[in-house]
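Both counts, for ligands and for their atoms, begin at 1 and track the order of listing.
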Amino acid sequence: MSIQLPDSFPASSSVAGRRVVLTGASGGLGRVLALAFSQGGARVALVARNQGALEKLAGSLPGESLICQADVSNAADNDRVAEVVTQAWGGIDTWIANAGISPVLESVLDMSPETWRQVQQVNLDGVFHGARAAASQMIGVGQGGRIVVTTSVLAERPRQGLSAYSVSKAGATALVKALAMELGSHGITVNAVAPGWFDSPLTSFWTRNLNRSKEITDHTAIGRWGLSEDLPGVYLFLASDASAFVTGSVLTVDGGYLCL
Ligand SMILES: NC(=O)c1ccc[n+]([C@@H]2O[C@H](COP(=O)([O-])OP(=O)(O)OC[C@H]3O[C@@H](n4cnc5c(N)ncnc54)[C@H](OP(=O)(O)O)[C@@H]3O)[C@@H](O)[C@H]2O)c1
């Protein structure tokens with residue numbers, strides 16, 4: 001291997017001017033990601049079901065944004081979002097499939113088939129629909145692109161009471177790897193970000209209770225929960241030129257939760 005580097009090295013880690021679709025934008029992690037990309041100069045299409053929350057978020061961002069009310073578990077909604085953004089901005093550079101739910105904490109024996117399906121429909125089918133919609137537009141425009149999927153450390157270490165959620169995230173991780181192989185020749189990279197434990201409505205069962213919260217802290221190498229500023233860096237990296245040769249990977253942001 002040559003030790004020479006091109007004059008263009010190091011590749012830019014900037015997302016300025018990037019056209020980014022972000023699902024789950026109205027939630028705890030989504031709002032942080034929206035702000036990070038917006039502060040980085042990206043245009044952000046904000047996707048979720050709660051129109052009012054999206055409008056409030058859009059009003060607080062420093063840069064340009066689009067509001068796209070949509071249900072990610074619905075294929076047609078994803079197609080519509082991809083078309084609207086492509087029409088408005090001429091293409092999509094990065095699609096972040098971040099929407100997710102974890103509605104129950106119950107054993108497999110207690111869980112209804114309806115609840116199981118609901119979780120798969122949002123967390124797994126939603127990624128499938130979104131990636132298909134994004135890749136179709138990216139291939140049509142012909143400039144490549146980035147797909148980033150928010151999975152979870154529970155994909156690798158399922159927890160009791162969270163079987164449906166853990167399985168949905170493990171499935172999404174497998175889908176990321178399959179998509180990476182299928183889309184690489186089109187210049188599209190596909191990666192997962194697996195967060196550890198961050199304070200959000202999704203994790204309120206743990207944050208509400210000191211002992212439960214401490215259990216997480218005690219099982220995290222860095223000894224604390226994730227903070228807002230801990231998360232966006234890897235998403236910005238995966239959306240930038242600096243990650244051009246990274247695909248099919250899972251970037252874990254968990255303060256060492258999986259080490260212990
Ligand atoms: N917080 C953590 O510690 C943690 C750890 C690992 C992974 N994650 C993952 O990170 C992602 C974001 O989680 P969070 O903590 O920000 O959760 P959250 O605060 O509960 O937010 C969830 C987001 O997903 C959206 N959403 C839910 N169902 C949807 C649907 N059918 N269609 C469109 N949007 C939908 C919600 O918006 P609407 O209700 O308005 O639709 C909301 O914006 C999820 O994929 C989650 O699994 C979180």
Side-chain angles (χ1 to χ4, degrees), residues 21-36 44-58 67-81 95-105 115 117-130 133 148-159 162 164-173 175-176 192-208 212-213 215-217 219-220 224-228 230-232 234-235 250-255 257-258:
V21 175
L22 172 64
T23 76
S26 64
L29 306 191
R31 288 207 307 271
V32 173
L33 294 176
L35 181 59
V44 191
L46 308 168
V47 183
R49 293 164 302 175
N50 185 332
Q51 173 87 12
L54 294 180
E55 283 170 6
K56 201 168 158 198
L57 174 63
I67 294 170
C68 301
Q69 186 183 33
D71 181 341
V72 297
S73 67
N74 181 308
D77 274 20
N78 286 275
D79 292 343
R80 174 174 51 78
V81 169
W95 182 289
I96 303 175
N98 171 70
I101 58 168
S102 184
V104 292
L105 192 70
T115 300
R117 264 282 10 108
Q118 182 197 7
V119 174
Q120 310 311 323
Q121 278 168 351
V122 177
N123 295 2
L124 180 54
D125 299 5
V127 176
F128 166 75
H129 298 316
V148 184
V149 178
T150 303
T151 58
S152 165
V153 287
L154 301 195
E156 195 172 321
R157 189 188 296 167
R159 279 182 79 102
L162 289 168
Y165 180 82
S166 303
V167 167
S168 71
K169 295 297 187 179
T173 307
L175 180 57
V176 161
V193 176
W197 293 82
F198 289 78
D199 185 2
S200 83
L202 193 89
T203 52
S204 62
F205 174 80
W206 284 269
T207 50
R208 278 200 311 257
R212 289 191 209 119
S213 174
E215 184 225 315
I216 300 300
T217 305
H219 283 84
T220 300
R224 61 169 173 80
W225 280 60
L227 303 172
S228 299
D230 293 323
L231 190 68
V234 293
Y235 288 87
V250 180
L251 273 64
T252 303
V253 188
D254 69 345
Y257 177 79
L258 288 181

Next item on the list: Kindly indicate whether a cation-pi arrangement holds for R157 with Y257, taking the cut-offs as under 6.0 Å to the six-membered ring centre and within 45° of the axis.
Entry: yes
Check: Which distance, rounded to the nearest 0.5 Å, do you find between the NE2 of H219 and the CG of D254?
Finding: 13.0 Å
Notebook entry, point to check: Rounded to the nearest 0.5 Å, how far does CZ of F205 lie from CG of L105?
Noted result: 5.0 Å
Any protein N/O atoms within less than 3.5 Å of an N/O atom in ligand 1? List the atom names and distances, or say none.
residue	atom	partner	partner atom	Å
ligand 1	1 (N)	F198	O	3.2
ligand 1	1 (N)	S200	OG	3.2
ligand 1	3 (O)	G196	O	3.4
ligand 1	3 (O)	F198	N	2.8
ligand 1	3 (O)	F198	O	3.1
ligand 1	15 (O)	S200	OG	2.5
ligand 1	16 (O)	G28	N	3.2
ligand 1	16 (O)	L29	N	2.8
ligand 1	19 (O)	G28	N	2.9
ligand 1	28 (N)	R49	NH2	3.3
ligand 1	31 (N)	D71	OD1	2.8
ligand 1	32 (N)	V72	N	2.9
ligand 1	37 (O)	S26	OG	2.9
ligand 1	39 (O)	R49	NH2	2.9
ligand 1	40 (O)	S26	OG	3.1
ligand 1	40 (O)	R49	N	3.4
ligand 1	40 (O)	N50	N	2.9
ligand 1	41 (O)	R49	N	2.9
ligand 1	41 (O)	R49	NE	2.7
ligand 1	41 (O)	R49	NH2	3.4
ligand 1	43 (O)	G24	O	3.1
ligand 1	43 (O)	S26	N	3.3
ligand 1	43 (O)	S26	OG	2.7
ligand 1	43 (O)	G27	N	2.8
ligand 1	45 (O)	N98	O	2.8
ligand 1	45 (O)	K169	NZ	2.9
ligand 1	47 (O)	Y165	OH	2.5
ligand 1	47 (O)	K169	NZ	3.0

Please set out all donor-acceptor pairs under 3.5 angstrom arising from side-chain atoms of residues 196-204, sequence neighbours excluded.
residue	atom	partner	partner atom	Å
S200	OG	L202	N	3.1
T203	OG1	F198	O	2.7
T203	OG1	S200	N	3.0
T203	OG1	S200	O	3.1
S204	OG	P201	O	3.2

Next item on the list: Inspect the contact between R49 and D77 and indicate whether a charged nitrogen and a carboxylate oxygen are less than 4.0 angstrom apart.
Entry: no
Margin query: Please report the interatomic distance CD1(I67) to CD(E55), rounded to the nearest 0.5 Å.
Written below: 5.0 Å
